[in-house]
Q: 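Can you keep this structure in mind? I'll have questions shortly.
Residue numbers begin at 1 in each chain, while the letters A, B, ... track the order of the sequences.
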Number of protein chains: 2
Amino acid sequence: MTHTTDQCSARPPGRPRSERAAKAIVDATLDLLAEEGGVAGVSIEAVAARAGVGKTTIYRRWPNKEALIIDALAALKEPLPEPRGVSVREDLIAIARAFVADKSDKKRVDCYWSVLGSAERYPELVERVTREVIEPRREVMRAALRRGIASGELRPDLDVELAQWIITGTITHRARAAGAGPVPVDFAERIVDAVLAGFAAH
Amino acid sequence: MTHTTDQCSARPPGRPRSERAAKAIVDATLDLLAEEGGVAGVSIEAVAARAGVGKTTIYRRWPNKEALIIDALAALKEPLPEPRGVSVREDLIAIARAFVADKSDKKRVDCYWSVLGSAERYPELVERVTREVIEPRREVMRAALRRGIASGELRPDLDVELAQWIITGTITHRARAAGAGPVPVDFAERIVDAVLAGFAAH
DNA sequence: CCGATACGCAACTGTACCGTTTCGAAAGTC
DNA sequence: GACTTTCGAAACGGTACAGTTGCGTATCGG
């Protein structure tokens, strides 16, 4: 062994890549994605300018805009809610609360909205976000609903898929509605109680 | 009176503007708005090319892209549903059906989605669409819900605003969901029945 | 037919961005 | 100190679009 640098991961020679620069680039990308309202509005030049970084520094790490955005979106992932409460009502409220909290982060919502709005142009991006972020969260809610049916708390003929659309759709729509202001903190409980009890009298 | 052309509306001399061209321009604008997934994706050049029209013909009628898009969106307006059925259930289903039909027109949904997604960039567009298209439809549903409460069909403590978010949000979200396919024809009835009866057993 | 206007088309200037390259300086290892 | 790689900055050619202008033609009224 003539090498003394065989430590572990074979650190390459030369100046190491700045971690600060990488973070600044990702942050700037998300900022622009949220502000410009679309993937098309994000330009490498704008990202570089906002991050206080040379374009070289970006192109050294990512081959193009799509790859940068994909990596940036990964930084948005939040841990899945894992409710195992005593009742369906509490499980659903916990999940809905996590949704509302997510949607209260304006930057986060705007990023997802921007990406999903660019479906025709960047199908790969949309497919990836759907698979890695949206679908797992939908599954958590479906599982909670199925548990409720099994425990007898929910009507046995409940359409789980439809029920799931109702809860997530309401929150999403409310969060994105123009001019409706921020989602109230108790929105999760109110919607769960409303759909559990039903609109009809008695 | 030396003029014989005083007929009525003082028709200007020269070749009149082609109605066909105007329609082709508006159609092309909406097509692009839906396909490109954003206001930014619509370029006058692309509109002209798709409409089979010279750029001059566009600029003669509209001063810029925003004005063109505003006028084009006006062509999307559909008549308001005006339900006065025998029961709240039928009223809500009628309104929901109109929503679903609207959302089944992919071009129409994509156009609104595109515009609303450009909120930060083009606030005037968003404000206008919200005021002239969305809010009147929301009001129709609120009115139906209030009638239901007054008639005793709906529980008196029902949160009308929340109920309205639930129904419209579910349809909108379902229509826009990636990879979920077209909204089924019976979606309107299923959602109304589900929220009327509630999820809970008995 | 004449004048006026609109038509589609092409050419033009100006701006913005892409993706690449070059540069001198900085920051690490040996 | 020698070497390697990254850093931010600047410049480059290429593409796309905005908005304008000129041109020959078409279509209206008188």
Q: Starting at atom CD1 of B:I44, determine the distance to atom C1' of C:dT15, rounded to an integer number of angstrom.
A: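 For the pair B:I44 CD1 and C:dT15 C1', the rounded distance is 16 Å.
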
Q: Grab the NZ-P distance between A:K65 and D:dT15 for me, whole Å please.
A: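 The distance from NZ of A:K65 to P of D:dT15 comes to 18 Å, rounded to the nearest Å.
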
Q: Any side-chain heavy atom of B:V129 within less than 4.5 Å of one from B:Y112?
A: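 When only atoms from C-beta onward are counted, B:Y112 and B:V129 do touch, with a gap below 4.5 Å.
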
Q: For a quick check, tell me whether the side chain of B:K55 and the base of D:dG19 share a donor-acceptor pair closer than 3.5 Å.
A: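 Donor-acceptor pair under 3.5 Å: yes.
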
Q: A:R20 has an atom CZ; how far is it from atom P of C:dG28, in whole Å?
A: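 Atom-to-atom, A:R20 to C:dG28, this comes out as 12 Å.
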
Q: Quick check: are there more than 12 heavy atoms from other residues, nucleotides or ligands sitting under 6.0 Å from NZ of B:K107?
A: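 Counting other residues, nucleotides and ligands, NZ of B:K107 exceeds 12 neighbours.
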
Q: Let me know which of A:D27, A:V39, A:V42 forms a side-chain contact (heavy atoms from CB on, under 4.5 Å) with A:L32.
A: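 That would be A:V42; it is the only one of A:D27, A:V39, A:V42 passing the side-chain contact (heavy atoms from CB on, under 4.5 Å) with A:L32.
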
Q: Count the heavy atoms belonging to other residues, nucleotides or ligands that lie under 6.0 Å from CZ of A:R131, then report whether that count exceeds 12.
A: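 Counting other residues, nucleotides and ligands, CZ of A:R131 exceeds 12 neighbours.
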
Q: Between N or O atoms, less than 3.5 Å apart, protein on one side and nucleotides 4-7 of chain D on the other: list the pairs.
A:
{"from": "D:dT5", "atom 1": "O2", "to": "A:R15", "atom 2": "N", "distance (Å)": "3.2"}
{"from": "D:dT6", "atom 1": "OP1", "to": "A:R17", "atom 2": "NE", "distance (Å)": "3.2"}
{"from": "D:dT6", "atom 1": "OP1", "to": "A:R17", "atom 2": "NH2", "distance (Å)": "3.2"}
{"from": "D:dT6", "atom 1": "O4'", "to": "A:R15", "atom 2": "O", "distance (Å)": "3.3"}
{"from": "D:dT6", "atom 1": "O2", "to": "A:R15", "atom 2": "NH1", "distance (Å)": "3.1"}
{"from": "D:dC7", "atom 1": "OP1", "to": "A:S18", "atom 2": "N", "distance (Å)": "3.1"}
{"from": "D:dC7", "atom 1": "OP1", "to": "A:R61", "atom 2": "NH1", "distance (Å)": "3.0"}
{"from": "D:dC7", "atom 1": "OP1", "to": "A:R61", "atom 2": "NH2", "distance (Å)": "2.8"}
{"from": "D:dC7", "atom 1": "OP2", "to": "A:R60", "atom 2": "NH1", "distance (Å)": "2.4"}
{"from": "D:dC7", "atom 1": "OP2", "to": "A:R61", "atom 2": "NH1", "distance (Å)": "3.2"}
{"from": "D:dC7", "atom 1": "O4'", "to": "A:R15", "atom 2": "NH1", "distance (Å)": "3.4"}
{"from": "D:dC7", "atom 1": "O4'", "to": "A:R15", "atom 2": "NH2", "distance (Å)": "3.4"}

Q: With a 3.5 Å cut-off and no angle check, do the side chains of A:E153 and A:S151 form a donor-acceptor pair?
A: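 The answer is yes; a qualifying pair exists.
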
Q: What is the distance from CD of A:E45 to P of D:dA16, rounded to the nearest Å?
A: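 Rounded to whole Å, this separation is 16 Å.
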
Q: Starting from P on C:dC9, measure out to OH on B:Y59 and report it in whole angstrom.
A: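 Atom-to-atom, B:Y59 to C:dC9, this comes out as 17 Å.
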
Q: Kindly confirm or rule out a cation-pi arrangement of A:R176 over B:W113, judged by NZ or CZ under 6.0 Å from the six-membered ring centre and within 45° of its axis?
A: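 Not satisfied by the 6.0 Å and 45° rule.
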
Q: Give the rounded distance in Å between these two atoms: CD1 of A:I58 and C1' of C:dC17.
A: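 Value for this atom pair: 13 Å.
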
Q: In whole Å, I'd like the distance from the CZ atom of B:R50 to the P atom of D:dC17.
A: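 Distance check: B:R50 CZ to D:dC17 P gives 13 Å.
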
